[in-house]
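Every chain is numbered from 1 and lettered A, B, ... according to where its sequence line falls, protein lines coming before strand lines. What you see below is based on every heavy atom in this structure, not just the backbone, and it leaves out hydrogens, waters and symmetry mates. In this text the structure is predicted, and so the values were computed from the model without any measurement.
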There are 2 protein chains.
Amino acid sequence: MDNSHLFQFLASTTTNTNNTYYPFHVSQPPSHHDRALAAMKNHKEAEKRRRERINSHLDQLRTLLPCNSKTDKASLLAKVVQRVKELKQQTSEITELETVPSETDEITVLSTDGDYAGDGRLIFKASLCCEDRSDLIPDLIEILKSLHLKTLRAEMATLGGRTRNVLVVAADKEHSIESIHFLQNSLKSLLDRSNSTDRSKRRRALDRRLIP
Amino acid sequence: MDNSHLFQFLASTTTNTNNTYYPFHVSQPPSHHDRALAAMKNHKEAEKRRRERINSHLDQLRTLLPCNSKTDKASLLAKVVQRVKELKQQTSEITELETVPSETDEITVLSTDGDYAGDGRLIFKASLCCEDRSDLIPDLIEILKSLHLKTLRAEMATLGGRTRNVLVVAADKEHSIESIHFLQNSLKSLLDRSNSTDRSKRRRALDRRLIP
DNA sequence: CAATACACGTGAACC
DNA sequence: TGGTTCACGTGTATT
């Protein structure tokens, strides 16, 4: 088969940057027109790629959030903003508990607004700051167990022989109010017990090391 | 100046739905042209509002994420996707800790992939399951302090005299690998210490109550 | 038909 | 100058 005609055609459509080595009737120097056209094509395609890049990320977000694939961009982004805010606050709440013990004895039982567990339980935060003793934690656990409180999270720190324990606990919604009061009273008696007993025996190497 | 010709022309191009109440030379009923023009204007403005809505959400995301106001849309959305994934995993990891103690002694130190703290620290999870004793927690704290590990989260549960402690700790990125090994060894020795000492003395009312 | 949402190509601005 | 990003107006489909 003879492809010479096709050859000629292809050669004539090429834009040549250096036509020294080619007969003029084969290579056409790039006209302003051609260059503008090529630039336009590039521009067009680049813009398309950019759009696709953005949309692919939006699609990823669609899979990450509780929403179907047919929610419009604006609503999707609104959900994203909301979700990021939520997650940020959630993690900061969890990691930013203040556990550095103070010099004064303290008891706080705070009911957090909102049902974070999502399953009919009320969650609140209890903080106890007092002199450290080795039986404090087990006593605390005993109190929580007797009040049927589930410990979702516990954080503790000791410094200079003093300790602070921050607990995030969940109570059945029906008994949440009474549980809070019971817990407050129990912690109070726990604190009294700590102060009435001899502490020097319970001081340990760790605590002494931590004294500045 | 006489505009009668122009008037005539305009009037002739209008399609009038109801010109009974208006002298034809004063009020111009909406022409196809006019209506199309108004539609175009509406369309144009609506599209502009849509763009502004989307961009305002993007700006909100810019303030929420660690990035300046001059990052382009695609990169911004990429960061958002990454951040949402991180936060999702982080919260699920934190809330889904398994703390029910088992009958066999266990030590696990898992390095989570990724820097969840976002500030050059590596976070990993340590779990210790063994017989309960009152000094266990203080000993644990001592170990963490000596290894310069910051406890982001601690969870514990006792059942039938046995206890499980799950810790989420952060280490400086430079020493994270060594810290993991040191922590494993320290926990191992802690477990040996527990088993070699007399436990009956440490058993307490709480534990006995919990035995089925 | 009007309202809405999207993709597209283009002009402008910025390295 | 070319590569990249943005805003804009428009064509088109879905409701």
Checklist outcome for this item: Only one of K44(A), R51(A), R49(A) passes side-chain contact (heavy atoms from CB on, under 4.5 Å) with E47(A), and that residue is R51(A)
Checklist entry - Of the candidate nucleotides dA7(D), dC8(C), dC6(C), which contains the atom at the shortest distance from the side chain of K48(A)? => result dC8(C)
Checklist entry - Where do D72(B) and S75(B) land on the side-chain hydrogen bond (donor to acceptor under 3.5 Å, both in side chains) test, with the steps shown first? => result CA-CA 6 Å; D72(B) 67 279; S75(B) 316; 2.6 Å; yes
Checklist entry - Which one, dG9(C), dG9(D), dC6(D), comes nearest to the side chain of R51(A)? => result dG9(C)
Checklist entry - Rounded to whole angstroms, how far apart are NZ on K44(B) and C1' on dA5(C)? => result 19 Å
Checklist outcome for this item: Comparing R49(B) with N55(A), nearest DNA chain C nucleotide closer to 5' gives the residue R49(B)
Checklist entry - What are the two closest heavy atoms between C129(B) and T104(B), and how far apart are they? => result SG-O, 3.8 Å
Checklist entry - Ignoring hydrogens and geometry, is there a side-chain-to-backbone donor-acceptor pair from R164(A) to S127(A) under 3.5 Å? => result no
Item to check | Phosphate contact (dA2(C) OP1 or OP2) by N42(B) side-chain N/O below 4.0 Å | outcome: no
Checklist entry - Relative to the 5' end of DNA chain C, which residue comes earlier, A39(B) or I54(B), by the nucleotide with the nearest heavy atom? => result A39(B)
Item to check | Along DNA chain D (nearest heavy atom to each residue), the more 5'-positioned of M40(B) and K70(A) | outcome: M40(B)
Checklist entry - Within this structure, what is the CG-to-P distance between D72(A) and dC6(C), rounded to whole angstrom? => result 5 Å
Item to check | Minimum-distance nucleotide (side-chain atoms of R35(A) versus dA7(C), dT10(C), dT1(D)) | outcome: dT1(D)
Item to check | Rounded distance (Å) that lies between atom C1' of dA5(C) and atom CD of E52(B) | outcome: 16 Å
Item to check | R53(A), nearest nucleotide to its side chain (from dA7(D), dA7(C), dT5(D)) | outcome: dT5(D)
Checklist entry - What is the distance from NE2 of H57(A) to P of dT5(D), rounded to the nearest Å? => result 12 Å
Item to check | Side-chain donor/acceptor of H57(A) to backbone N/O of A74(B), under 3.5 Å | outcome: yes
Checklist entry - Choosing from dT10(C), dT10(D), dT1(D), which nucleotide comes nearest the side chain of H43(B)? => result dT10(D)
Item to check | Distance below 4.0 Å between R50(A) side-chain N/O and dC6(D) OP1 or OP2 | outcome: yes
Next on the checklist: Output the rounded distance in Å from CD (E45(B)) to C1' (dA2(C)).
Outcome noted: 15 Å
Next on the checklist: If you assign E47(B) and A46(A) each to the DNA chain D nucleotide with the nearest heavy atom, which residue ends up on the more 5' nucleotide?
Outcome noted: A46(A)
